[in-house]
Student: 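I have a structure I would like to understand better, so I am pasting it below and will then ask my questions one at a time.
All values below come from the heavy atoms of this structure, side chains included, with hydrogens, waters and symmetry mates left out. Remember, it's 1-based here, ligands and their atoms both numbered in the order they're listed.
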Amino acid sequence: MTSRITPRIEINLEKIHHNTKVLKKLYGEKGIEISGVVKGVGANLKVARTLVEAGITSLADSKIANIRKMKMAGLKEKLILLRTPALSEVQQVVEFADISMNTELEVIRALSTEAEKQNKIHSIIIMVEMGDLREGILPKDAPSFIREVLKLPGVKLVGIGTNFACFGGVIPTEEKMQEFSQFINEIQKEFQIKLPIISGGNSANYTWMMNTHDPGLVNNIRLGESILLGRDPVSGTVIPGLYSDAFCFVAEVIESKLKPSVPSGVRGRNAFGESISFEDHGLMRRAIVGVGRQDVLVSGLSPVLPVDIIGSSSDHIILNTKQIDLKPGDEVAFSLNYGALLSVMTSPYVYKTYTHQASKKYSLKRTSA
Ligand SMILES: Cc1ncc(COP(=O)(O)O)c(C=O)c1O
């Protein structure tokens, strides 16, 4: 029987610190600073402080509530709002964010007016669309857009950014990145300005960064997944020398029985509106762990033990435990992808615990450098 609380996410701060330092050095060698993106952990303050201890000087999140949380906790680093603000958030954005990323003139005008009210100058980064088709102004619209922005007294244009592989899966290739730098060059020439921040992307830029001989004008990249999970999201592989297991999700067995593998009776849709098909494997050793879709993005979990996830409902995950005889009270550990991490870190039902060493129990791994 376990005496520890479940479900829980075990967070290894030392591994996050290690990943941050390695990435900071690698990007630094190419003249690129890292902004630490903490939305994947709901701006968890222990994680944010770990990034700072590892040398990160700007922290970014997509939620103004998280920016506010970090500001109120006394973090002195630059706090960047990653997502273009909603008009309804403008007052808080000016109050709590040092910089916000923007794509709409109407919003920037509102930020300017609010900043004047608060006796501040609010810094903004304009996001430019380079093909991934999520946020950003089109490059052809940039000159007229920037001309308008430069007229506004309450905002200061401190940078231009772009984003890749978040919606369309567009990869930041050498060609794309050069196109971006060329675009920045033209803008700076046209307006006779030198922007301090040229933010060229996110964790998806890892392969480009490692291989490029000329990062162009890019001097900033915003990293979440590669710091937290040690992964290159484009290839899905672990970055050499990084820990991919800084987070471990632990759930507890609440039922374990030998049961048929196929439901019996007249079948319709389940509680989630799904019609699931089943293969008959005869009797199956099945265990239920006491967590479900209310707590975690189940499709983003991978059991550390050689057991399979058969399915889930709001509060149950059903496992085929195959050769393993699990009993109520046993703990089952899972690794997580970014989506699963986001869900557990924002779930009030999942306890957050902190470790500094790899637990022997779950055979955690690190790739060789
Ligand atoms: C604008 C922006 N920049 C950077 C990131 C960080 O992305 P990643 O976690 O892939 O590094 C995100 C997503 O979280 C984002 O929306």
Student: Do the side chains of Lys78 and Glu33 get close enough for a salt bridge, i.e. N-O under 4.0 angstrom?
Tutor: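 No, this pair does not count.
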
Student: For Leu223, which part has a heavy atom under 4.0 Å from ligand 1: side chain, backbone, both, or neither?
Tutor: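 Within the 4.0 Å criterion, Leu223 contacts ligand 1 through backbone atoms alone.
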
Student: With heavy-atom distances below 4.0 Å as the criterion, list the atoms of ligand 1 near Ser203.
Tutor: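 Those atoms are 8 (P), 10 (O), 11 (O).
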
Student: Strictly by modelled atom types, are Arg222 and Asn163 linked by a side-chain donor-acceptor pair under 3.5 Å?
Tutor: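 Yes.
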
Student: May I ask you to list the atoms of ligand 1 that are less than 4.0 angstrom from any heavy atom of Leu82?
Tutor: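 The atoms of ligand 1 under 4.0 Å from a heavy atom of Leu82 are 1 (C), 2 (C), 3 (N), 12 (C), 15 (C).
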
Student: With a cut-off of 4.0 Å, which atoms of ligand 1 are near a heavy atom of Asn163?
Tutor: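 Answer for ligand 1: 1 (C), 2 (C), 3 (N).
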
Student: Below 3.5 angstrom, do we get any N/O pair linking Ala204 and ligand 1?
Tutor: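 No: no nitrogen or oxygen of Ala204 is under 3.5 Å from one in ligand 1.
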
Student: Tell me the contacting part of Arg83 for ligand 1: side chain, backbone, both, or neither, using a 4.0 Å heavy-atom threshold, strictly below.
Tutor: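 Arg83 to ligand 1: no contact under 4.0 Å from either part.
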
Student: Under a 4.0 Å N-O cut-off, is there an ion pair linking Glu148 with Lys151?
Tutor: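 Counted as a salt bridge, because a side-chain N and a carboxylate O are separated by less than 4.0 Å.
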
Student: If we only count heavy atoms from C-beta on, is the Arg83 to Arg134 side-chain gap below 4.5 Å?
Tutor: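 Arg83 does not reach Arg134 side chain to side chain.
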
Student: When you compare the side chains of Gln294 and Ser314, does any donor N or O come within less than 3.5 Å of an acceptor on the partner?
Tutor: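 Short answer, no.
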
Student: Which of the atoms of ligand 1 are close to Glu225, meaning less than 4.0 Å from one of its heavy atoms?
Tutor: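 Those atoms are 8 (P), 9 (O), 11 (O).
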
Student: Using a 3.5 Å cut-off on N or O atoms only, is Glu135 in polar contact with ligand 1?
Tutor: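 In this structure, Glu135 places no N or O atom under 3.5 Å from an N or O of ligand 1.
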
Student: Which heavy atom of the protein is the closest neighbour of atom 3 (N) of ligand 1, given with residue, atom name and distance?
Tutor: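 So the nearest neighbour among protein heavy atoms is Arg222 NE, 2.8 Å.
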
Student: Charged N to carboxylate O under 4.0 angstrom, Lys71 versus Glu95?
Tutor: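 Glu95 and Lys71: not salt-bridged.
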
Student: So how far is it from Thr50 OG1 to Asn44 CG, rounded to the nearest 0.5 Å?
Tutor: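 That separation rounds to 8.0 Å.
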
Student: Go through ligand 1 atom by atom and flag the ones less than 4.0 Å from a non-hydrogen atom of Asn202.
Tutor: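 With Asn202 as reference, the close atoms of ligand 1 come out as 4 (C), 5 (C), 6 (C), 7 (O), 8 (P), 10 (O), 11 (O).
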
Student: To the nearest 0.1 Å, how far is atom 13 (C) of ligand 1 from its closest protein heavy atom, and which atom is that?
Tutor: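 Result for atom 13 (C) of ligand 1: Lys39 NZ, 3.4 Å.
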
Student: When rounded to the nearest 0.5 angstrom, what distance separates CD1 in Ile221 from CG in Asn205?
Tutor: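 Going from the CD1 atom of Ile221 to the CG atom of Asn205 covers 4.0 Å.
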
Student: Check each heavy atom of Arg134 against ligand 1 and say whether those closer than 4.0 Å belong to the side chain, the backbone, both or neither.
Tutor: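 Arg134 to ligand 1: side-chain contact only, backbone stays beyond 4.0 Å.
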
